[in-house]
Amino acid sequence: NVNPSMVGLVSGICLIVGTMIGSGIFISPKSVLLYSGAVGPCLLIWAACGVLATLGALCYAELGTMITKSGGEYSYLMEAYGPIPAYLFSWTTVMVLKPSSFAIITLSFAKYASTPFYPDCTPPEVVSKCLAAAAILVIVTVNSLSVKLASYVQNFFTAAKLLIILIIVVAGIVLLAQGNTENLTNAFDGTAQSFGAIGLAFYNGLWAYDGWNQLNFITEELINPYRNLPLAIIIGIPLVGVCYVMVNVAYFTVMTTNELLLSPAVAVTFGDRVLHPMSWIVPLFVVFSTFGSANGSCFTAGRLAYVSGREGHMVKILSYISLKRYTPAPALIFNGLLAIIYIMPADINTLINYFSFAQWMFYGMTALCLIVMRFTKKELHRPVKVPIVIPVLMVLVSCYLVLAPIIDKPQLEYLYCTIFIFGGLLLYYPFVHLKVNWARKIMRPITMHLQLLMEVVPPEKTE
């Protein structure tokens, strides 16, 4: 009902590629280089992140073809462990992960959109945050008005981001052919030795690859998921990995490590040095890319709220759909409001670390689902069956990515995140498990008035 059209193989590949290629490749190169310490390990980490994303997605391919329900990790956690872990995932994702991801991408969009207007300095923070908030409002409005309009916007901006990637990669190949390799020599001098620093480098690299699991959120809408889900993963993610490594090589053909770290916007600096007088193309298309990625993030945000609302794990109004426009307007508006709140206090790197800490905890739990269900759900049909070593590796990597930064440099943010995740149980016991009557009496008139205000109904009413 949220998206009446079925998704085929090509559309599935475009969804994966379009969601993954967003702000990360234009923002994260600085962070990955900062934590890895040198060009060589930086490029290796980008390649390794691509391999990890592919392995993780292969685990999800088995899960998605075994449990053909939308909602991604939520459905798998529910099947393997029961309602409490699934609830904690939906609570954390709807309240923190989805809106913080939306906030990060729009902050990146705002940074690139405002940089040309401040050529000699970094754009003021207030300008970037106001522009990011405006972008959120526009994107939420577009997605609330029409699924078809949101799809057209996504297709246009996906084409734009692939074009700018191609321009940067081709320019890099030309520069390499001309002998611009001095920044790639002695590539391992200054490599970071810290256990936690490498973990943070992987955090930021994997943030750029985030989106490899998005197809699992719409499994119910996928044509022949047994074939198209694994195929889209096998084609889409390695393609993104090759693009990312080549873009980073292109950056290093014209910038030293110090110049790259000092650049307020890496891709814009690259364009100024290589494409002059056509350098305006790069910031324009990077703005297109980040805006399109933010649109994709918003587009998928309603899926989880819809599925968890259907199971009674979220406020019912979040699972409602516009009667006239068939869009999950309440979930989209709620996601947008939370994203604006997250923009106010935090910078991009803090949000990325906070987001990745929680996200990889759930990725690890989901990979563990695969191992658990090999023993507890032997009767389930598995059209795709990955070697057991792949989910084991993903669990170990997830443990490392969650624990390494905490051990290396303990910060209160990680404690706050953990408290928030398990704090969801304070709401689960009375409102979901016991279903206390007074809560229903309070919510019933609120739900009714919100229904009338937004003209939304339960999804079954639209069938």
Side-chain angles (χ1 to χ4, degrees), residues 22-31 33-34 95-144 153 157 160-161 164 200 203-204 207-208 210 259-272 279-298 301 332-357 411-413 416-417 420:
S23 59
I25 189 58
F26 310 115
I27 292 291
S28 295
K30 291 171 64 175
S31 303
L33 179 61
L34 177 67
M95 297 301 293
V96 178
L97 300 186
K98 281 291 186 183
S100 69
S101 174
F102 196 10
I104 293 165
I105 300 167
T106 51
L107 282 168
S108 305
F109 159 80
K111 189 172 184 177
Y112 274 90
S114 56
T115 294
F117 299 99
Y118 298 89
D120 300 319
C121 63
T122 303
E125 200 169 295
V126 66
V127 171
S128 295
K129 290 187 176 183
C130 287
L131 191 55
I136 288 170
L137 292 174
V138 170
I139 290 166
V140 168
T141 302
V142 166
N143 280 269
S144 297
V153 169
F157 287 112
K161 68 182 70 179
I164 190 59
L200 287 171
Y203 263 4
N204 286 274
W207 157 247
D210 197 64
E259 287 171 339
L260 192 144
L261 291 171
L262 292 172
S263 169
V266 179
V268 174
T269 303
F270 179 87
D272 289 340
S279 57
W280 57 269
I281 289 175
V282 175
L284 176 65
F285 277 86
V286 172
V287 165
F288 286 170
S289 175
T290 48
F291 189 87
S293 186
N295 181 73
S297 174
C298 182
L332 293 167
I333 293 167
F334 184 68
N335 183 56
L337 289 173
L338 285 178
I340 290 173
I341 292 169
Y342 286 124
I343 279 172
M344 294 176 186
D347 63 29
I348 290 175
N349 284 333
T350 303
L351 278 175
I352 288 173
N353 293 341
Y354 187 45
F355 171 82
S356 299
F357 168 77
Q411 291 181 341
L412 283 175
E413 284 89 342
Y416 296 152
C417 182
F420 180 86

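Going from atom CD1 of Ile341 over to atom CG of Leu338 covers 5.5 Å, rounded to the nearest 0.5 Å. Taking SG from Cys298 and CG from Leu332, the interatomic distance works out to 4.5 Å, rounded to the nearest 0.5 Å. Going from atom CD1 of Ile104 over to atom CD1 of Ile343 covers 10.5 Å, rounded to the nearest 0.5 Å. Atom OH of residue Tyr342 and atom CE of residue Met95 lie 6.0 Å apart, to the nearest 0.5 angstrom.
At least one side-chain heavy atom of Leu131 sits under 4.5 Å from a side-chain heavy atom of Phe109. Side-chain contact between Pro124 and Tyr118: present, with at least one pair of heavy atoms (C-beta onward) separated by less than 4.5 Å. Contact annotation: the side chain of Leu137 approaches that of Ile340 to within less than 4.5 Å [non-hydrogen atoms, C-beta and beyond]. A 4.5 Å side-chain heavy-atom check between Phe117 and Pro123 finds every atom pair outside the cut-off. At least one side-chain heavy atom of Leu261 sits less than 4.5 Å from a side-chain heavy atom of Leu34.
Distance alone, capped at 3.5 Å, is enough to place a donor-acceptor pair between the Asn143 side chain and the Ile139 backbone.
Here the shortest heavy-atom pairing between Ile105 and Thr290 reads CG2-O, 3.2 Å. Of all the heavy atoms in Ile136 and Ala339, the pair that sits closest is CD1-CB, 3.6 Å. Residues Gly271 and Val282 come closest through the heavy atom pair CA-CG2, 3.7 Å. Minimum heavy-atom separation, Thr106 to Ala294: CG2-CB, 3.9 Å. Residue Ser128 comes nearest to Ser114 through the heavy atom pair OG-OG, 3.8 Å, listed as atom of the first residue, atom of the second, then distance. Here the closest heavy-atom approach between residue Met344 and residue Lys129 is recorded as O-NZ, 2.6 Å.
Between Phe157 and Phe288, the ring planes are perpendicular. Angles over 60° get that label, and only those under 30° would be called parallel.
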